[in-house]
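What follows is a set of notes on a single structure, which appears directly below.
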Number of protein chains: 2
Amino acid sequence: MGTGTTRRQPTLDEVAARAGVSRSAASRVLNKAPHVSRATRDAVERAIKELGYLPNRTARALATRQTGIVALAISHDDPELFADPFFGQVIVGVSSALEETDLHLLLCLASSGRGRSRLTNLLNTRGVDGIMLMALHGDDPLTHIVRRAGLPAVYGGKPLHFKPQWYVDSDNLGGARLATEHLLGLGRTRIVTITGELGTEAGAARCRGYREAMIMAGLTPYGVAEGDFTEASGAAAMRSLLDEHPDLDAVFAASDNMAAGALRVLSEAGRSVPADVAVVGFDDLAIAERTDPPLTTVHQSIQSLGKEMTRVLLELIAGRETASLILPTRLVLRGSA
Amino acid sequence: MGTGTTRRQPTLDEVAARAGVSRSAASRVLNKAPHVSRATRDAVERAIKELGYLPNRTARALATRQTGIVALAISHDDPELFADPFFGQVIVGVSSALEETDLHLLLCLASSGRGRSRLTNLLNTRGVDGIMLMALHGDDPLTHIVRRAGLPAVYGGKPLHFKPQWYVDSDNLGGARLATEHLLGLGRTRIVTITGELGTEAGAARCRGYREAMIMAGLTPYGVAEGDFTEASGAAAMRSLLDEHPDLDAVFAASDNMAAGALRVLSEAGRSVPADVAVVGFDDLAIAERTDPPLTTVHQSIQSLGKEMTRVLLELIAGRETASLILPTRLVLRGSA
DNA sequence: GACGATCCTGGAACCGCTTCCAGCCTGTCG
DNA sequence: CGACAGGCTGGAAGCGGTTCCAGGATCGTC
């Protein structure tokens with residue numbers, strides 16, 4: 001800026017004039033519309049090249065009522081949470097899916113009230129063609145706003161208490177079942193679980209998966225303590241579980257971070273892993289490779305989540321049929337179980 | 001979408017009609033322009049409220065030639081790198097600064113050629129009002145494109161080989177000097193450094209800081225090994241340094257991740273930290289609190305970096321005077337030195 | 001009471017593109 | 001040879017705002 005010669009971009013009118021055709025003809029060439037003769041096309045294309053013409057995004061958006069922008073909204077009370085690599089992964093996935101289109105990504109951290117109202121305004125002023133929502137807790141007012149705005153919307157991770165028409169989620173239930181079944185397969189029976197926040201769908205589903213697996217094996221859930229997905233909460237939960245059930249022989253933690261906390265507490269308590277207590281986590285974050293012993297865990301691909309959300313959103317925007325998706329999870333065997 | 005009643009948003013014309021004034025009058029009220037009577041203002045404001053009117057973003061953008069969007073472009077060959085919490089922090093900072101404005105954030109991962117050309121197109125079609133650039137390596141063609149587009153631009157972290165007019169950076173040089181001086185103050189003299197990629201400004205500056213501090217203390221740099229900021233590279237560098245200089249008594253690693261790698265290798269080699277070897281890192285990431293022993297490191301606030309970049313960009317967009325910035329770093333003492 | 005100066009006002013142009021539509025030209029068929 | 005069905009074309013009306021400008025109303029002043 002500042003000193004730049006910022007020569008005004010040529011307009012479509014100038015292109016048309018140079019090519020000796022009307023503006024509408026030029027526009028047709030630009031949009032590869034039918035009913036344009038070879039001669040016209042060539043002339044316009046040459047003029048475009050010579051002038052270095054590029055269509056003005058905003059003008060086109062106004063005429064077509066399509067902004068060429070999709071939003072990714074992350075709604076959470078704590079903006080710091082966004083620093084979690086989780087969202088970075090989502091964004092990488094979203095970007096890769098967007099790469100093949102002409103759409104761009106608008107990122108909204110709707111944590112504060114101000115952030116929410118900015119997002120609301122963006123939706124209501126039709127500032128984006130569609131929106132992806134993540135990390136909604138419970139009955140986030142955002143869901144209403146989105147619905148009222150009547151905009152294509154895809155949810156990442158089912159919100160609790162509300163089944164959106166379109167969402168993409170990891171198979172939390174299946175993953176938790178997988179983990180628990182693996183522990184059962186190892187001959188463990190006194191298996192406890194450290195859950196994530198039960199106020200989130202992921203937290204609840206992973207807990208349900210554990211319960212179902214136990215029951216299917218003819219056992220009853222042996223011990224349940226609620227955490228909030230963080231390492232500290234995992235440690236605390238582990239302590240209370242050891243207290244209540246000193247003879248436990250396996251732990252399924254609903255996140256790697258909590259599993260890491262649990263490992264720490266177990267080692268302090270003199271239990272050896274996996275000999276005395278087998279531990280399985282969930283997420284397969286980088287930390288899972290660095291714990292001692294390395295953590296057996298349930299892998300979910302966050303990038304795929306972002307990619308698939310985007311794919312569904314694109315279909316929606318294009319007005320095509322599409323459907324929600326549950327992404328598979330799989331067990332990654334390392335040393336802890 | 002789909003079933004939504006998506007009732008068309010009212011337009012300014014409808015507001016004007018309802019208020020019984022002209023569209024221009026209504027527009028004036030909307031923009032708090034002078035020369036509008038009390039009566040007109042009231043009537044228009046009432047009509048706006050009754051109709052639930054919201055100005056159309058795109059139309060306004062076309063008329064004012066201001067999109068209300070700023071871009072954050074992250075240019076790096078490896079899109080995975082974006083999953084690093086670093087960028088999450090930047091984004092949190094940027095968002096917080098944007099929160100008080102009417103601007104929104106467009107995120108561009110310009111890693112692939114396709115990503116770059118999309119970004120180029122975005123700039124040339126005036127799809128954004130300004131841009132912040134990060135993680136440019138060497139002579140990224142992006143810098144030319146940005147300059148030619150004549151758009152307000154701010155760089156995060158000085159690129160090497162090119163001094164942008166506006167940038168915000170952490171005080172890498174000062175921080176590295178601080179770290180080295182701390183080690184010197186501890187009485188260590190056989191201090192080695194594990195550098196980041198010397199092809200980046202941060203890597204080079206941190207190495208220079210180490211050198212300068214050593215020289216100012218009347219010493220010569222004792223040992224230098226280049227890493228690439230990752231833990232694995234830190235471990236490798238540490239091994240080769242131990243090999244060359246078995247009697248080293250301190251290490252300054254240019255990143256916490258590399259310091260973590262170094263700590264691992266030192267412990268394998270039977271050196272105790274900080275007794276035998278003192279270690280200082282750089283960045284003050286979460287990992288610094290979890291190493292054994294906890295890592296003494298140079299703190300830089302990435303959020304501030306994002307926030308300040310945004311502040312400078314906003315000034316630029318507003319056409320006000322502004323200046324580049326170097327953000328201070330400080331030493332955080334923990335167990336390793 | 002006449003006269004600017006000042007404040008408001010609505011009309012109209014404009015931002016740059018898409019798209020509908022009427023009209024032209026051509027070619028084909030009966 | 002006349003009628004008709006196309007394919008192409010440019011004019012014009014949009015998309016929904018902002019902003020310039022000329023003119024009318026209002027005011028205070030001499």
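Only this structure's heavy atoms are used, side chains among them; waters, hydrogens and symmetry mates stay out. The sequence lines fix the lettering, A, B, ..., with proteins before strands; numbering per chain opens at 1.
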(request) Would you please say whether a donor-acceptor pair under 3.5 Å links the side chains of B:T120 and B:S117? (result) no

(message) Do B:N56 and A:T125 pair up side chain to side chain, a donor and an acceptor below 3.5 Å, judged on atom types alone?
(response) no

(request) Give a yes/no on whether any side-chain N or O of B:T40 is located under 4.0 angstrom from OP1 or OP2 of C:dT9. (result) yes

(request) Please examine the side chains of A:V92 and A:I302, heavy atoms only from C-beta on, and report whether any two atoms are closer than 4.5 Å. (result) no

(request) Could you check how far NE2 of A:H35 sits from P of C:dT19, rounded to whole Å? (result) 14 Å

(message) Taking atom CG as the centre, does A:D102 end up with more than 12 heavy-atom neighbours from other residues, nucleotides or ligands that are less than 6.0 angstrom away?
(response) no

(message) Does any part of the side chain of B:V90, heavy atoms only, come nearer than 4.5 Å to the side chain of B:Q303, both counted from C-beta?
(response) no

(request) Report, as a single string ordered 5' to 3', how protein heavy atoms within less than 4.0 Å touch nucleotides 12-18 of chain D: B base, S sugar-phosphate only, - not at all. (result) --BBBBB

(request) Assess the side chains of B:S75 and B:R116: does a donor N or O sit below 3.5 Å from an acceptor N or O? (result) yes

(request) Let me know the distance between CD of A:E14 and C1' of C:dC17, rounded to the nearest Å. (result) 13 Å

(message) If I take atom CZ in residue B:R126 and atom P in nucleotide C:dG16, what distance separates them, rounded to the nearest angstrom?
(response) 11 Å

